[in-house]
Amino acid sequence: MLTKSQAKLFFIIGTVLCVGTFLFLTVDTILKIPAQTRDANLTPAVERGKEIWDKNNCMGCHTIMGEGAYYAPELTKVYERRGPEWMRVFIKDPQAMFPGERKMVKYNFTDNEINDLIAYFKWIGEIDLNGFPPKPTLMSASTSTSTVKVAAPEKFTQICVACHAIAGNGGNVGPALDGIGVRRDAVFLDKWLRDPAAVKPGTLMPKLPLTDPEIKELVSFLSALK
Ligand code: HEC
Ligand code: HEC
């Protein structure tokens with residue numbers, strides 16, 4: 001049995017210890033915020049992107065860090081997952097990228113606004129969240145299989161894999177491109193990539209913003225898939 005004064009002492013020491021620990025952890029957490037949020041990378045573009053995000057109620061469908069609505073994908077790591085190129089094409093015309101699926105609003109943003117949004121997603125994606133969200137098992141753009149001997153061009157892994165698979169890796173909106181070099185010659189591929197609808201009116205493949213060198217690189221890559 002504790003005496004009265006022992007109990008008092010026990011209470012006081014216990015309280016001081018707990019309050020002390022609590023204060024220490026609070027201060028420690030606050031001190032770590034600038035490093036964890038990469039404070040130095042908070043550019044005006046990121047702030048403008050955040051404003052666009054708020055103003056257009058993107059959270060009405062999406063979540064960031066788990067906050068928001070669950071209709072559309074979590075976007076905390078969307079920059080890492082999709083990359084800036086893909087997002088630029090997608091935000092310009094979401095439906096063209098996923099014809100006939102769930103709908104994302106076409107906002108008619110200017111190029112600058114889209115760049116701000118992408119800057120915002122990049123910043124969000126770099127925040128140190130202690131491993132949140134857990135890495136999903138996504139279709140990887142890796143093409144290191146025996147059927148593919150050439151490395152895929154950057155544009156391919158940034159944009160095309162969202163819809164096309166090679167050796168089982170990639171999306172299934174469009175046909176798998178294994179053996180495309182046998183089915184289609186370079187002239188067709190070149191024409192196709194410039195403007196799919198000009199080759200096949202009504203096709204679901206969107207016209208993508210590709211430069212001449214990029215098309216050339218893609219055509220030689222696709223031609224080698226035999
Ligand atoms: C009405 C609901 C809705 C709103 C509002 C909305 N989105 Fe979306 N968004 C979607 C849906 C649905 C998808 C998934 C499309 C699919 O996969 O078919 C999507 C996908 C995306 C993606 C690609 C995610 C991925 O991993 O592929 C990005 C980036 C994105 N939205 C950004 C935004 C931004 C920025 C805003 C606000 C300016 C916004 N969205 C507002 C419904 C919405
Ligand atoms: C939004 C989805 C989407 C994206 C992104 C996309 N494609 Fe397609 N692609 C399609 C669809 C759908 C078809 C089938 C079109 C048809 O037959 O009407 C197709 C067809 C093709 C074909 C013709 C296949 C054949 O057997 O004739 C080639 C080649 C091709 N895509 C290459 C590419 C390349 C390279 C990229 C990236 C620069 C790309 N696609 C990006 C959806 C997409």
Side-chain angles (χ1 to χ4, degrees), residues 49-64 68-109 113-114 116-122 124-125 133 136 138-139 141 152-166 170-186 188-197 199-211 214-223 225:
K50 163 84 168 115
E51 271 162 28
I52 298 172
W53 171 264
D54 288 338
K55 247 196 339 236
N56 291 284
N57 193 26
C58 309
M59 265 182 161
C61 292
H62 290 281
T63 51
I64 277 187
Y70 296 105
Y71 175 65
E74 216 316 310
L75 295 181
T76 309
K77 293 288 179 193
V78 68
Y79 186 90
E80 182 186 326
R81 180 164 72 240
R82 296 298 202 176
E85 287 302 320
W86 187 94
M87 280 199 277
R88 196 162 289 130
V89 178
F90 174 79
I91 294 175
K92 257 215 153 101
D93 189 357
Q95 258 210 285
M97 285 299 246
F98 294 102
E101 293 193 23
R102 284 180 306 169
K103 279 188 197 160
M104 154 115 174
V105 188
K106 183 173 176 185
Y107 284 98
N108 298 315
F109 288 133
E113 287 171 322
I114 291 180
D116 291 344
L117 273 171
I118 292 175
Y120 173 60
F121 285 131
K122 179 167 192 286
I124 286 283
L138 271 187
M139 309 163 283
E154 224 179 27
K155 284 284 150 167
F156 193 86
T157 53
Q158 283 171 342
I159 301 178
C160 318
V161 286
C163 297
H164 292 284
I166 293 180
N172 59 3
V173 180
L177 293 179
D178 304 278
I180 184 73
V182 180
R183 292 201 303 279
R184 304 290 194 184
D185 62 18
F188 173 91
L189 291 172
D190 183 89
K191 258 205 220 133
W192 180 261
L193 293 182
R194 272 170 213 285
D195 189 0
V199 178
K200 185 175 173 188
T203 178
L204 289 180
M205 169 145 161
K207 183 174 172 181
L208 298 161
L210 300 167
T211 62
E214 283 162 359
I215 290 182
K216 216 172 139 203
E217 198 187 3
L218 284 166
V219 168
S220 68
F221 167 67
L222 295 172
S223 302
L225 297 176

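Just so you know, ligand 1 is whichever comes first in the structure, and atom 1 is the first atom listed for that ligand. Worth knowing before you read on, the calculation uses all heavy atoms, side chains too, and leaves out hydrogens, waters and symmetry mates. Throughout, numbering of the chain's residues begins at 1 and tracks the sequence.
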Within less than 2.8 Å of atom 8 (Fe) of ligand 2, any N, O or S from Cys160?
no
Cys58 backbone or side-chain N/O/S under 2.8 Å from atom 8 (Fe) of ligand 1:
no
Which is it for Ile52 and ligand 1 at heavy atoms under 4.0 Å: side chain, backbone, both or neither?
neither
Distance from atom 4 (C) of ligand 2 to nearest protein heavy atom, with residue and atom
Cys163 SG, 3.2 Å
What is the nearest protein non-hydrogen atom to atom 28 (C) of ligand 2, stated with its residue, atom name and distance?
Trp192 NE1, 3.4 Å
NZ/Lys122: more than 12 non-hydrogen atoms of other groups inside 6.0 Å:
no
Any side-chain heavy atom of Leu117 sitting closer than 4.5 Å to one from Tyr107?
no
For atom 40 (N) of ligand 1, which of the options Arg88, Met104, Met59 provides the nearest non-hydrogen atom?
Met104
Under 4.0 Å from a heavy atom of Phe109: which atoms of ligand 1 are those, numbered in the order shown and with their elements?
38 (C)
Could you check if a side-chain atom of Ile215 sits within less than 4.5 angstrom of a side-chain atom of Val219, using non-hydrogen atoms only?
yes
If you measure every N or O of Arg82 against every N or O of ligand 1, does any of those distances drop under 3.5 Å?
yes
His62 side, atom NE2; Tyr71 side, atom OH - distance, nearest 0.5 Å:
9.5 Å
Could you find the nearest protein heavy atom to atom 31 (N) of ligand 2 and give me its residue, atom name and distance?
His164 NE2, 2.8 Å
Measuring from atom CG of Leu225 to atom CZ of Arg184, what distance do you get when rounded to the nearest 0.5 angstrom?
14.0 Å
Nearest non-hydrogen protein atom, atom 17 (O) of ligand 2
Lys200 NZ, 2.8 Å
Gap between atom CD of Glu214 and atom CD of Glu217 - 0.5 Å precision:
7.5 Å
Within the distance-only criterion (no hydrogens, no angle test), does the side chain of Lys77 pair as donor or acceptor with the backbone N or O of Gly125 below 3.5 angstrom?
yes
Could you work out, for atom 35 (C) of ligand 2, the closest of Leu204, Leu177, Val173, Leu193 by heavy-atom distance?
Leu193
Is Trp53 close to Ile124 at the side-chain level, that is, under 4.5 Å between some pair of heavy atoms?
no
Is it the side chain (CB and beyond), the backbone, both or neither of Val89 that lies under 4.0 Å from ligand 2, heavy atoms counted?
neither
Within the 4.5 Å heavy-atom criterion, are Ile159 and Arg88 side-chain neighbours or not?
no
Heavy-atom contacts under 4.0 Å between Lys155 and ligand 2: side chain, backbone, both, or neither?
neither
Nearest neighbour in protein (non-hydrogen) for atom 29 (C) of ligand 2
Leu189 CD2, 3.5 Å
Find out whether Ile52 and Tyr120 are in side-chain contact, i.e. whether some heavy atom of one side chain is under 4.5 Å from a heavy atom of the other.
no
Hey, are the side chains of Lys106 and Gln95 touching, using non-hydrogen atoms and a 4.5 Å cut-off?
no
Relative to the heavy atoms of Leu208, which atoms of ligand 2 are at a distance of less than 4.0 Å?
37 (C), 38 (C), 41 (C)
If we number the atoms of ligand 2 from 1 as shown, the ones under 4.0 Å from a heavy atom of Leu222 are 35 (C)
From CG (Asp190) to CG (Asp185), nearest 0.5 Å
10.0 Å
Min over Gly60, Ala72, Pro94 of heavy-atom distance to atom 10 (C) of ligand 1 lands on Ala72
Element-labelled atoms of ligand 2 that are located less than 4.0 Å from some non-hydrogen atom of Arg183
26 (O)
Validation row: Ile114, Met87 side chains within 4.5 angstrom (heavy atoms):
no
Within this structure, what is the CH2-CD1 distance for the pair Trp192 and Ile180, rounded to the nearest 0.5 Å?
9.0 Å
Trp86 heavy atoms, cut-off 4.0 Å: which ligand 1 atoms fall inside?
23 (C), 27 (O)
Determine, stepwise, if the pair Leu193 / Leu222 fulfils side chain to side chain contact (heavy atoms under 4.5 Å, CB included).
CA-CA 11 Å; Leu193 293 182; Leu222 295 172; 4.3 Å; yes
Among all protein heavy atoms in this structure, tell me which lies nearest to atom 24 (C) of ligand 2, with the distance rounded to 0.1 Å.
Ile180 CD1, 3.7 Å
Which protein heavy atom lies closest to atom 13 (C) of ligand 2, and at what distance to 0.1 Å?
Pro175 CD, 3.4 Å
How far is atom 15 (C) of ligand 2 from the closest protein heavy atom, and which atom is that?
Thr203 OG1, 3.1 Å
Side chain, backbone, both or neither: Pro206 near ligand 2, heavy atoms under 4.0 Å
side chain
Nearest option to atom 26 (O) of ligand 1, as decided by whichever heavy atom of Lys55, Arg81, Glu113 sits closest:
Arg81
Counting only nitrogen or oxygen atoms and a 3.5 angstrom limit, does His62 reach ligand 1?
yes
